[in-house]
Amino acid sequence: MSNSEAKAPTNFIRNIIDEDLASGRHDKVITRFPPEPNGYLHIGHAKSICLNFGLARDFKGRCHLRMDDTNPEKESVEYAEAIKDLVHWLGYDWGEHLYYASDYYERLFRWAEELVEKGLAYVDDLTPEQMREFRGTLTEAGRPSPCRERSAAENLDLLRRMRAGDFPDGARTLRAKIDMASPNMNLRDPVIYRIQRHHHYRTGDAWCIYPMYDFAHPLSDALEGITHSLCTLEFEDHRPLYDWFIDNISVPGRPRQIEFARLSLGFTVMSKRKLLELVREGHVSGWDDPRMPTLVGLRRRGFTPAAIRTFCERIGVGKSDAWIDMSVLEDCLREDLNESAPRAMGVLSPLRVVITNFPEGQSEEFEAANHPQKPEMGSRRIPFSREIYVERDDFMEDPPKKFFRLAPGREVRLRYGYIIRCDEVVKDPESGEVTELRCSYDPDTLGANPKDGRKVKGTIHWVCAARSLACEVRQYDRLFSVPNPGTGGADYRAHLNPDSLSILTGCRVEPALGEVAPGSRFQFERLGYFCADSKDSAAGRPVFNRTVTLRDSWAKLGQGR
RNA sequence: UGGGGCGUCGCCAAGCGGUAAGGCAUUGGACUCUGACUCCAAUAUCCCAGGUUCGAAUCCUGGCGCCCCAGCCA
């Protein structure tokens with residue numbers, strides 16, 4: 001990892017860990033990333049991954065990857081495998097410490113029995129509706145279930161029969177016996193086991209009862225020797241319950257739960273439910289659609305793991321609801337890509353230019369550096385001939401002030417090549433559209449400034465007409481047109497940005513780009529960073545995704561495209 | 001009107017009684033065969049009101065605002 005990632009900024013969790021280490025409460029740091037394999041990881045998960053694995057790295061501890069798979073209805077191996085793949089892609093390794101909550105089912109069940117034996121849990125016969133009624137409301141205490149005072153022996157028998165399959169789904173639950181009048185709803189005798197005959201992707205049909213998150217999580221943490229169990233803010237209210245289980249069950253460890261604010265990014269949505277809907281309803285092409293905030297989507301878009309790591313570090317960790325601006329992510333990306341991406345030239349919207357004083361049938365090759373600041377990245381040869389393509393946006397018939405590009409009578413430098421002057425503009429007689437520029441070049445300006453001292457301020461990218469390659473380029477923009485989709489009573493789908501994808505087919509790139517490997521990234525000079533699509537790009541027929549544009553101070557002036 | 005949190009520059013975020021770090025964004029300017037990169041420069045008195053103190057963003061009191069909780073989801 002690069003130097004810029006070396007010094008992680010401090011945050012309240014690091015402070016807590018420092019104190020725990022100083023006070024002797026813990027002598028090591030073991031964290032865990034506990035995804036439920038019921039969906040694809042997104043940038044919000046990346047924050048948690050970087051936090052947990054980053055802490056473990058910095059404190060010389062370790063971080064476990066644990067599938068929090070306690071709800072067979074929603075989970076699958078596909079998701080679990082994708083999670084492992086993406087955590088690795090992000091640059092983290094759990095070593096030997098891959099765990100599954102489902103591997104703890106037997107142990108968890110024994111702990112449930114322990115609770116029953118201690119008179120701290122009971123089997124309840126209430127229906128879901130009744131349970132809701134008995135639970136009370138935010139301002140009124142709940143009432144005890146008629147089953148609350150069953151004997152330990154009866155409860156133990158009932159619990160075992162629940163496991164044995166003696167009762168239908170949903171007929172009974174195991175509940176912790178805590179306090180039906182607690183102002184904290186989580187303490188009003190929470191359910192810890194439910195009967196649910198559903199095939200589990202790992203345990204198959206071995207179980208017909210499954211533990212709830214609140215029960216399984218703290219115990220799994222304790223079992224693995226987790227010292228700091230980090231989760232998001234909405235679990236703050238669950239901490240007393242988390243501690244209750246740790247306090248009342250003979251577990252081997254004493255993990256500490258700490259909550260932090262989840263990540264919210266502008267102009268996108270992050271909930272698994274919404275992301276799933278976007279996929280199912282076809283608003284995007286799939287989980288890996290380059291417009292999705294999923295890690296598979298970002299990867300396909302061309303994001304680098306390092307950029308995402310830097311981002312997670314830069315946004316910090318706190319307890320206030322944080323809305324991060326997309327520009328922070330984009331800046332991290334540009335910072336990384338500027339360093340690592342080789343330069344190339346591509347013309348998105350080609351405009352034919354004929355160099356009238358350059359001999360027909362003749363051609364030249366120019367030497368072009370692959371990176372302006374990094375000679376070690378080498379160079380390549382770029383073909384040039386009488387006919388070339390330049391970007392349509394780089395010509396204006398009636399240019400405003402400070403337009404340093406082509407215009408009638410104006411001179412501009414061809415990147416790595418000659419200075420040319422626009423002598424004539426050819427238009428379609430019917431539409432009036434500019435179809436071609438006739439220019440002349442100054443033969444003395446290759447790698448040199450004009451001898452007469454005249455200044456040519458603009459440099460534009462271009463490509464040889466004959467020796468360039470046609471290709472498709474997909475330009476992506478934000479998926480939603482408002483910062484917080486779904487506000488103001490509207491359905492978030494109403495805020496989908498209709499222009500989030502535009503496919504350009506007549507693009508031209510320099511010939512060297514014909515055989516690029518899928519996934520490889522380039523900076524198309526003056527345009528942005530692009531990567532060969534991992535699915536649709538093929539040898540001789542490349543397809544590029546625009547990862548992110550370059551900063552464009554011209555566009556900022558409101559003059560640009 | 002129950003409980004749990006949060007409130008420092010447009011967006012994040014340090015700060016933990018001693019006189020407001022940093023990043024992104026923004027605005028000037030330098031440099032430039034990418035209007036990129038890089039580089040300089042500019043920009044807050046800390047939700048409000050009282051109080052304690054020589055001194056408070058940091059402590060106390062009272063307000064105000066926002067978020068979360070009534071799944072046999074996680």
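Letters A, B, ... are given to chains in the order of the sequence lines, protein chains preceding strands, and every chain is numbered from 1.
If you check B:U27, B:G3, B:A70 against the side chain of A:K556, the one that comes closest is B:U27. The side chain of A:L138 approaches B:G2 more closely than any other nucleotide in the set B:G71, B:A36, B:G2. Between B:G23, B:A74, B:A36, one nucleotide has an atom nearer to the side chain of A:H238 than all others, and that is B:A74.
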Contact state string [nucleotides 5-10 of chain B, B base, S sugar-phosphate only, - no protein heavy atom under 4.0 Å]: SS----

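Taking the ring axis of A:Y100 as reference, the NZ or CZ atom of A:R202 stays within 45° of it and closer than 6.0 Å to the ring centre.
Below the 3.5 angstrom threshold, one finds a donor paired with an acceptor across the side chain of A:D237 and the base of B:G3. Contact of A:R314 with B:G22 (side chain to base): no donor-acceptor pair of N or O atoms is detected under 3.5 Å. Between the side chain of A:Q373 and the base of B:U38, no donor-acceptor pair under 3.5 Å is found.
Partner assigned to B:A41 is B:U27, using Watson-Crick or G-U wobble distances below 3.5 angstrom. Shown here, B:C46 forms no base pair; nothing in the strands shown gives a Watson-Crick or G-U wobble contact with both key distances under 3.5 Å. Using N1 to N3 plus N6-O4 or O6-N4 for Watson-Crick, or N1-O2 and O6-N3 for G-U wobble, each under 3.5 Å, B:U53 pairs with nothing. Here B:U19 sits opposite no nucleotide as a Watson-Crick or G-U wobble pair (both hydrogen-bonding atom distances under 3.5 Å). In this structure, B:A74 makes no Watson-Crick or G-U wobble pair, since no nucleotide meets both defining distances under 3.5 angstrom. Under the Watson-Crick or G-U wobble criterion, with both distances below 3.5 Å, B:G2 is paired with B:C69.
Following rounding to the nearest Å, A:F267 (CZ) and B:C11 (P) show an atom-to-atom distance of 14 Å. Atom CD in A:E36 sits roughly 7 Å away from atom C1' in B:C73 (whole-Å rounding). Taking atom CZ of residue A:R526 and atom C1' of nucleotide B:C37, one finds them 15 Å apart after rounding to whole Å. Rounding to whole angstrom units, CZ of residue A:R132 and C1' of B:C73 are separated by 14 Å. Distance A:M185 CE to B:C69 P: 12 Å, rounded to the nearest Å. Taking atom CD of A:E335 as the reference point, atom C1' of B:U38 lies 12 Å away to the nearest angstrom. Here the C1' atom of nucleotide B:C37 and the CZ atom of A:R343 are 8 Å apart, to the nearest Å. For A:E313 and B:A14, the CD to P distance is 13 Å, given to the nearest whole Å.
Using a 4.0 Å heavy-atom distance criterion, A:M345 is classed as making no nucleic acid contact. Within the 4.0 angstrom heavy-atom criterion, base atoms lie near A:Q523. Across all strands shown, A:F403 has heavy atoms under 4.0 Å from base atoms, whether or not it also approaches the sugar-phosphate. Base engagement by A:G447 is indicated by at least one non-hydrogen atom pair under 4.0 Å involving a base atom. Within the 4.0 angstrom heavy-atom criterion, only backbone atoms of the sugar-phosphate kind lie near A:V317; the bases stay farther away. If you check every strand for non-hydrogen atoms under 4.0 Å, A:I419 touches nothing. Within the 4.0 angstrom heavy-atom criterion, base atoms lie near A:F235.
Listed pair A:R175 / B:C72 fails the phosphate criterion, with no side-chain N or O lying under 4.0 Å from OP1 or OP2. Applying the 4.0 Å criterion to OP1 and OP2 of B:G3, one finds that A:T139 has every side-chain N and O outside that range. OP1 or OP2 of B:C72 sits under 4.0 Å from a side-chain N or O of A:R135. At B:G3, none of the side-chain N or O atoms of A:S182 fall inside 4.0 Å of OP1 or OP2 (strictly under the cut-off). For the OP1/OP2 pair of B:C73 and a distance below 4.0 Å, the side-chain nitrogens and oxygens of A:R194 include at least one atom meeting the criterion.
If you take atom C1' in B:C48 and the same atom in B:G35, they sit 46 Å apart, rounded to whole Å. Rounded to a whole angstrom, the distance from the C1' atom of B:G3 to that of B:A70 is 12 Å. If you take atom C1' in B:C6 and the same atom in B:C12, they sit 15 Å apart, rounded to whole Å. Annotation: B:U43 and B:C11 have their C1' atoms spaced 15 Å apart (nearest Å). The gap from the C1' atom of B:G51 to that of B:G55 amounts to 15 Å, rounded to the nearest Å. Separation of the C1' atoms belonging to B:C68 and B:U8 is 23 Å when rounded to the nearest angstrom. For the P atom pair drawn from B:G7 and B:C47, the interatomic distance equals 9 Å after rounding to whole Å. B:G15 and B:A44: their C1' atoms are spaced 14 Å apart (whole Å).
Position along RNA chain B of the nearest nucleotide to A:E75 versus A:I460 favours A:I460 as the more 5'-ward residue. With the nearest nucleotide of RNA chain B identified for both A:I324 and A:T127, A:I324 has the one nearer the 5' end.
Between A:R421 and A:R410 there is no side-chain heavy-atom pair separated by less than 4.5 Å. Side-chain contact between A:I13 and A:L230 is present, with at least one heavy-atom pair separated by less than 4.5 Å.
Under the 30°/60° scheme for interplanar angles, the aromatic rings of A:W462 and A:F384 are found to stand perpendicular. Ring-plane geometry between A:F109 and A:Y193 is classed as perpendicular, the angle between the planes exceeding 60 degrees on a 0 to 90 degree scale with a lower cut at 30.
Remark: aromatic rings of A:Y213 and A:F235 are close, center separation under 6.0 Å. Checked against a 6.0 Å centroid threshold, the rings of A:Y418 and A:Y441 count as neighbours. Ring pair A:W111/A:F215: centre-to-centre distance not below 6.0 Å.
The closest side-chain donor-acceptor pair between A:S145 and A:D189, if any, does not fall under 3.5 angstrom. In the model, A:R32 has a side-chain atom that pairs as donor or acceptor with a side-chain atom of A:S229 under 3.5 Å. Side-chain contact annotation: A:R546 with A:Q475, donor-acceptor N/O pair under 3.5 Å present. Side-chain atoms of A:S379 and A:N370 form no donor-acceptor pair, as typed in the model, at a separation below 3.5 Å. A:S182 and A:R188 share no donor-acceptor pair across their side chains, judged by distance under 3.5 Å alone.
Between A:D331 and A:R551, at least one side-chain N (NZ, or NE/NH1/NH2) sits under 4.0 Å from a carboxylate O, which counts as a salt bridge.
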I'd like a list of close polar pairs between nucleotides 15-17 of chain B and the protein, N/O only, cut-off under 3.5 Å.
{"unit_1": "B:C16", "atom_1": "N4", "unit_2": "A:N15", "atom_2": "ND2", "d": "3.2"}

Enumerate the protein-to-nucleotides 30-32 of chain B contacts in which both atoms are nitrogen or oxygen and the separation is below 3.5 Å.
{"unit_1": "B:U32", "atom_1": "O4", "unit_2": "A:K457", "atom_2": "NZ", "d": "3.4"}

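For B:G15, the base adopts the anti conformation, since its glycosidic angle falls more than 90 degrees from zero.
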Under the criterion salt bridge (Lys or Arg N to Asp or Glu O under 4.0 Å), I'd like the reasoning laid out for A:D169 against A:R194: C-alpha separation, chi angles, the key distance, then a yes or no. CA-CA 8 Å; A:D169 284 11; A:R194 75 279 211 185; over 6 Å; no

Please walk me through it: do A:E133 and A:R143 pass salt bridge (Lys or Arg N to Asp or Glu O under 4.0 Å)? CA-CA 9 Å; A:E133 273 175 45; A:R143 293 156 16 231; 5.1 Å; no

